[in-house]
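Please read the structure below before turning to the comments.
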Amino acid sequence: MYLSKIFAPRLREVPQDADTVSGQLMLRAGLLRKSASGIYTYLNLGLRVKQRIETIVREEMDSHGAQEILMPLLMPAEPWQATGRWDLYGDEMFKLTDRKGRPFCLGPTHEEMVTSVVGAERHSYKELPFNLYHITNKYRDEIRPRYGLIRSREFVMLDAYSFDRDETAVEASYALMVEAYNNIFHRVGLTFRPIQADSGAIGGSSSHEFTVLAENGECSYAACDACGYAANLEIARAQRSSALPPAADSVTAMETVATPAIHSIVEVAQFFGVDAAATLKSILYIVDNKPVLAVVSGDDDVNETKLRKVVHGQEDRLATDDELMATLGVHAGSVGPAGVSVPVVVDASVQQEAAYIAGAGADGFHVRNLVPDRDLKPAFVADIRTVRAGDCCPVCGKLLHTATGIEVGHTFKLGTKYSVPLHASFVDEDGSEKPYVMGCYGIGIGRTMAAVIEQHHDDKGIIWPTAVAPYEVIVIPLNKGDDAVWHAALDLHDALEKAGVSAVIDDREESAGVKFNDADLLGFPVQVVVGNSFLKTGNFEVTLRGNKADKNSVPAHEAPAFIEDLMRTSP
RNA sequence: CGGGAUGUGGCUCAGCUUGGUAGAGCGCUUGGUUCGGGACUAAGAGGUCGUGGGUCCGAAUCCCACCAUCCCGACCA
């Protein structure tokens, strides 16, 4: 391919609205153009990468027993209403109506659709298990699209759905998909780790996220290097390791202290001359329209996901100032946990026998010597704190660290959450109809592409892993005016193409510097320079984009074989 | 949804305070010179100044509304 013929307009300057390395590089290298916030056009080079990732995904899916289908993006509302997600998804779902006024949506995912398709037939247990997957666009009207392809409103996703006879059988289907996922992410060149995760809006019993380490990650997790425990911060557990409050003197009663203009935990700790760990933080939440007071150690943060689970809620949010006033008669800053009329959830790491300082439940006052065991009447005592770096691993007790990553894949065990409401059932051995036990498995293709760039770039540009590179080799003839150079370069290019190696030749009238910089920006794994050294010695200069220091001087006739060999032995 | 910012040739931005009819660099076209890490030179093309309205003799500039984009927040008492 002639470089001048590829529609991949490069940008010298960083586009103003790109907020991540991958986003900038995709725009700069001409892989992508933005159409609207969170909506992109894949230009040719970007499409090629996308297709290569999809090919790897298909190969692994097929070899792990899944079969490809294709479901519509535009879906009727009924199945969504049947599972309750029509409302649950809320504004995040792109909804529309047809000319007759019938409601439709642009699918944010496809559980309802596959389950309806499968449920329309009546299978025998003998035909189980089976797994259906497809790769298409998904639509989610994100509150705030961000990070280029990492959080967009239209995105390409693989999703696979397994159908099993029972809870035992689903384990095997799940394991198969986890294996396929591991293979896929290895093959595309990502370093990643599977972490335990919340199942969120999809629902279901357990789930894992496949997370690649990246600064621009949209997901935070805690991990233990000693035993391998890793979990999304939404659900991560830990042994609290920070300072403890002073032990209680059981005789001393709770005492109210005037604390004018003292609001934050930092101010409270300073005022009383204690560590933040000796204070309690009381925060009023509204969970499913009912108030719940969450109480954690002053140096901790409430984990809303955990809180929601404790009280079996669906949605939660912070109470507004007005609600706070109406419910507890106090402003933020003096909210206290003692003697309140709303349900109180106390974090399990709060010391029951210790003396804490907390808000007094009246503006401008705090209390000291609050002993939880004596002074609080919690509805629940449960783990509702967010894990922090420095906490200890819940499994082995070693130090936990936290990091952010990009969630590129997610696997869920769904149970019968969809098969029951959508009446998807099979006939079991005893002749009875039973709902399928389902699993679902998703991979963000565009996100994977972005993650690959996040992990494989330098200050010059992209460094594509060979497995997903839009082209594998770029041939750079310098001195285009010199016929010998040009023809040698073209011969190499043709020989590579004939050998099945995708190659680009930089046929432009540009100075050497421009060609080198563009080659580095575009990031094709192998660069071949045909220039002065060729004129002197007849050799090409072959380098890997990821290791420019190693220059290989290769005789022209040996170059194709050398390059193929080089690609085979490098990532 | 709240707060903030921005919107000017393809890109990055200046001009706006103090209204007088639009600029730079990059990119693009043509010619010449260059030719191993973003060359030089000459000549050129290219702009409804986000949209609509208002003020004014006159608006990119001032005022209002809307739209779009981005950032921050919705994370804490």
Side-chain angles (χ1 to χ4, degrees), chain A residues 9-20 23-24 27-28 30 33-39 90-91 143-148 220 233-234 259 261-269 276 279-285 293-305 307 316-321 323-325 328 330-337 347 357-366 384-386 388 459-461 476-482 485-486 506 508-521 527 529-536 541 543 548 551:
Chain A
R10 274 134 265 144
L11 262 22
R12 286 203 178 179
E13 305 195 55
V14 178
Q16 193 221 213
D17 54 0
D19 51 1
T20 42
Q24 288 169 3
L27 257 19
R28 289 226 294 134
R33 284 290 106 111
K34 173 150 46 180
S35 303
S37 179
I39 299 175
D91 290 339
I143 338 174
R144 196 170 153 200
R146 232 189 298 207
Y147 306 147
S220 304
L233 269 198
E234 290 182 343
T259 50
I262 301 290
H263 299 288
S264 69
I265 286 291
V266 176
E267 290 165 351
V268 170
T279 67
L280 288 181
K281 189 184 276 183
S282 311
I283 301 173
L284 188 67
Y285 282 90
L293 189 68
V295 180
V296 296
S297 173
D299 56 343
D300 275 337
D301 289 327
V302 174
N303 181 319
E304 297 186 22
T305 307
L307 177 67
D316 71 275
R317 60 179 173 81
L318 234 43
T320 63
D321 289 340
E323 287 167 335
L324 193 52
M325 203 49 177
L328 298 174
V330 63
H331 285 100
S334 297
V335 178
D347 181 62
I357 288 161
D363 284 344
F365 294 93
H366 280 72
I384 56 164
R385 67 186 283 272
T386 299
R388 291 181 295 164
D459 57 342
K460 290 287 201 177
I476 308 168
L478 303 177
N479 302 316
K480 198 192 169 193
D482 187 306
V485 166
W486 171 247
D506 190 344
R508 301 170 303 163
E509 294 281 358
E510 286 289 355
S511 68
V514 171
K515 292 186 172 186
F516 290 145
N517 279 303
D518 276 349
D520 288 348
L521 209 216
Q527 302 183 346
V529 177
V530 185
N532 285 343
S533 63
F534 172 76
L535 289 172
K536 286 193 204 110
E541 233 169 72
T543 53
K548 305 278 297 273
K551 285 198 169 79

- For B:G73, which nucleotide is its Watson-Crick or G-U wobble mate, given both distances must be under 3.5 Å? B:C1
- Would you mind reporting whether A:Asp482 and A:Leu535 have side-chain heavy atoms less than 4.5 Å apart? yes
- Between atom CG in A:Asp518 and atom C1' in B:C26, what is the gap in whole Å? 13 Å
- Tell me: CZ of A:Arg508 to C1' of B:G38, nearest whole Å? 11 Å
- Query: Applying a 3.5 Å limit to both distances, which nucleotide forms a Watson-Crick or G-U wobble pair with B:A65?
  - Reply: B:U51
- d(CZ, A:Phe534; C1', B:C35) in whole Å: 17 Å
- Note on the structure: Scanning all shown strands, the Watson-Crick or wobble mate of B:U33 with both distances under 3.5 Å is B:A39
- B:G9 - base-pair partner by Watson-Crick or wobble geometry, distances under 3.5 Å: none
- Query: To the nearest angstrom, how far is A:Gln24 atom CD from B:C70 atom C1'?
  - Reply: 13 Å
- Message: Is the shortest side-chain heavy-atom distance between A:Lys548 and A:Gln527 below 4.5 Å?
- Response: yes
- Hits for side chain to side chain donor-acceptor pair (under 3.5 Å) against A:Asn303, two or more places apart or cross-chain, chain-then-number order -> none
- Can you tell me how far P in B:A14 sits from the matching atom in B:G9, rounded to whole Å? 13 Å
- Message: Under 3.5 Å for both donor-acceptor distances, Watson-Crick or wobble: does B:G27 have a partner, and if so which one?
- Response: none
- Task: To the nearest Å, give me how far apart NZ (A:Lys460) and C1' (B:G37) are.
- Result: 6 Å
- To the nearest Å, how far apart are A:Arg28 CZ and B:U12 C1'? 12 Å
- According to a strict under-4.0 Å criterion, is A:Lys34 in side-chain N/O contact with OP1 or OP2 of B:C70? yes
- Query: Among all residues two or more places apart in sequence or in another chain, which pass the side chain to side chain donor-acceptor pair (under 3.5 Å) test with A:Lys551?
  - Reply: none
- How long is the gap from CZ on A:Arg388 to CG on A:Leu233, to the nearest 0.5 Å? 12.0 Å
- Message: Nearest 0.5 angstrom please: A:Ser282 OG to A:Ile265 CD1, how far?
- Response: 8.0 Å
- Task: Not counting sequence neighbours, which residues clear side chain to side chain donor-acceptor pair (under 3.5 Å) with A:Asp301? List them please.
- Result: A:Lys281
- Name the residue closer to the 5' end of RNA chain B, choosing between A:Glu541 and A:Ser511 according to the nucleotide with the nearest heavy atom. A:Glu541
- Atom CG of A:Leu521 and atom C1' of B:G37: how far apart are they, to the nearest Å? 13 Å
- Nearest heavy-atom pair of A:Gly148 and A:Thr20: which atoms, and what distance? N-OG1, 4.4 Å
- Note on the structure: Here the pair of heavy atoms bringing A:Asn517 nearest to A:Lys460 is OD1-NZ, 2.9 Å
- Message: Tell me the interatomic distance from A:Asp506, atom CG, to B:G37, atom P, rounded to whole angstroms.
- Response: 15 Å
- Task: Taking atom P in both B:C67 and B:A24, compute the distance separating them and give it to the nearest angstrom.
- Result: 35 Å
- Message: I'd like the C1' distance from B:U41 over to B:C35, given in whole Å.
- Response: 15 Å
- Measure across A:Lys515 and A:Asp506 and return the closest heavy-atom pair with its distance rounded to 0.1 Å. CG-OD2, 3.1 Å
Identify all pairs in which a protein N or O lies below 3.5 Å from an N or O of nucleotides 9-11 of chain B, and state each distance.
none

- Tell me, please, which residues at least two apart from A:Asn532 pass side chain to side chain donor-acceptor pair (under 3.5 Å). none
- Could you tell me which nucleotide pairs with B:C57 by Watson-Crick or G-U wobble geometry, both distances under 3.5 Å, or answer none if nothing does? B:G20
- Message: Let's test your reading of the model: under 3.5 Å, does the base of B:G38 pair with the side chain of A:Glu510 as donor and acceptor?
- Response: no
- Note on the structure: Comparing nearest nucleotides in RNA chain B, the 5'-proximal residue of the pair A:Ala512, A:Pro145 is A:Ala512
Check: protein-nucleotides 74-77 of chain B nitrogen or oxygen pairs below 3.5 Å:
{"residue": "B:C76", "atom": "O2'", "partner": "A:Lys281", "partner atom": "NZ", "Å": "3.4"}
{"residue": "B:C76", "atom": "N3", "partner": "A:Tyr285", "partner atom": "OH", "Å": "2.8"}
{"residue": "B:C76", "atom": "N4", "partner": "A:Val302", "partner atom": "O", "Å": "3.2"}
{"residue": "B:A77", "atom": "OP2", "partner": "A:Lys281", "partner atom": "NZ", "Å": "3.2"}
{"residue": "B:A77", "atom": "O3'", "partner": "A:His263", "partner atom": "O", "Å": "3.2"}
{"residue": "B:A77", "atom": "O2'", "partner": "A:Gly333", "partner atom": "N", "Å": "3.3"}

